Amino acid sequence: MPELPEVEVLRRDLAAEVVGRRVDAATVTGARTVRRHPPDEVVEAVAGRRIRAVGRHGKFLLVELDDGTVLVVHLRMSGQLRLEDPARPAPPHTHAVLALDDGRVLRFVDPRTFGELFVTGPDRPELAGLGVDALEPGLSPADLARQLAGRRAPVKAVLLDQRRVAGLGNIYTDEVLHEAGVHPFRPGGSLTAAEVRKVARVVPKVLRAAVEARGSSLADAQYVDLYGRTGGFQRAHRVYGREGLPCPRCGAPVQRLRLGNRSSFSCRSCQK
DNA sequence: CAACCGACCTGTTCGC
DNA sequence: TGCGAACAGGTCGGTT
């Protein structure tokens, strides 16, 4: 499911497609999806508004409306946004729909219902705790050094912590740490200055390449874009999901470890 | 404050 | 083939 690159692909496509459109009507059928409000409140807040811009911070998508209201979307594990003709049957697990003034509908689809929509004001206090976005404006080596300093938690856990850096998830932390040659279980505070610089340099490199390839869609193709298409970056994964396959740098088999309850993929010989 | 763990859900895949 | 177990890309709240 979506991490920063997948959300960025949606943001760009939405910006091109819906900025300037008016939301003629909204329907919310999944109360859990709008758990922060009574459903009517969300409908009320967006209906009749024009879309001014589409932004992003970490994995949060920010649909800015003409009265300053921001519709915030987080896809969590299984959320999708689909921009479709309303004549097309709504996919199962469609929890909210915005009808646009060009005749199309924007559908929020989410089987696991971890995702959510909420509305907030222009300063969006709900997102105040997020760290710097991993892509834009990005993470300087000094920022990263500050986040890692003194941490005994594994460097991967620090990178996954959205309060420290916003946007990285399980796939892209593994890809970044492999490319940087750093073992995911290394205590955050144990990285050398050179390693910190390397990681800081690799983060935007990997994320840009992933956006360019329109994100990662794993075998079950959970992630699809606005038009239902899968991404292509999974073909460029070096370690994620590649247990037992040769490391592209040194040929040693990729190992799968556990960090907390999640899989972590790395190369035993070139990530120390 | 930092670190760890289970919980939140449904769908798909894996192993017996 | 059938069936339960394990697993999935993210966060949050509670506990130590």
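Remember, predicted model here, so these are calculated numbers, not experimental data. All chains are named by letter (A, B, ...) in the order of the sequence lines, taking the proteins before the strands, and each is independently numbered beginning at 1. Hydrogens, waters and symmetry mates play no part in the numbers below; they use all other heavy atoms, side chains included.
The interatomic distance linking Phe114(A) (CZ) with dC12(C) (P) rounds to 13 Å, in whole Å. Atom CG of Leu61(A) and atom C1' of dG10(C) are 16 Å apart (whole Å).
Protein chain A touches strand DNA chain B; the 5'-most and 3'-most nucleotides with an atom under 4.0 angstrom of its non-hydrogen atoms are dA2(B) to dG11(B).
Put simply, Arg262(A) has no side-chain N or O that comes within less than 4.0 Å of OP1 or OP2 on dC7(C). OP1 or OP2 of dT11(C) has at least one side-chain nitrogen or oxygen of His74(A) nearer than 4.0 Å.
The base of dA8(C) lies close enough to the side chain of Arg112(A) for a donor and an acceptor atom to sit less than 3.5 Å apart.
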> So what does the secondary structure string of DNA chain C come out as, 5' to 3', with Watson-Crick or wobble pairs under 3.5 angstrom, [ ] for crossing and | for pairs with another strand?
Replying inline: .|||||||.|||||||

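Legend: ring-ring contact (aromatic ring centres under 6.0 Å, His included) pairs involving residues 22-45 of chain A, not counting sequence neighbours: none detected.
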If you look only at distance, which donor and acceptor atoms sit under 3.5 Å apart when one is on a side chain in residues 265-272 of chain A and the other is two or more places apart or in another chain?
unit_1: Ser266(A); atom_1: OG; unit_2: Gln255(A); atom_2: NE2; d: 3.4
unit_1: Arg268(A); atom_1: NH2; unit_2: Gln255(A); atom_2: OE1; d: 3.3
unit_1: Gln271(A); atom_1: OE1; unit_2: Cys267(A); atom_2: N; d: 2.7
unit_1: Gln271(A); atom_1: NE2; unit_2: Leu177(A); atom_2: O; d: 3.3
unit_1: Gln271(A); atom_1: NE2; unit_2: Val182(A); atom_2: O; d: 2.9
unit_1: Lys272(A); atom_1: NZ; unit_2: Arg268(A); atom_2: O; d: 3.2

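Pro5(A) pairs by the side chain to side chain contact (heavy atoms under 4.5 Å, CB included) definition with Glu3(A), Tyr172(A), Leu207(A), Ala210(A), Val211(A), not counting sequence neighbours.
Atom name P, nucleotides dA6(C) and dG6(B): the rounded distance is 14 Å, in whole Å.
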Polar atom pairs (N or O), protein with nucleotides 14-16 of chain C, under 3.5 Å:
none

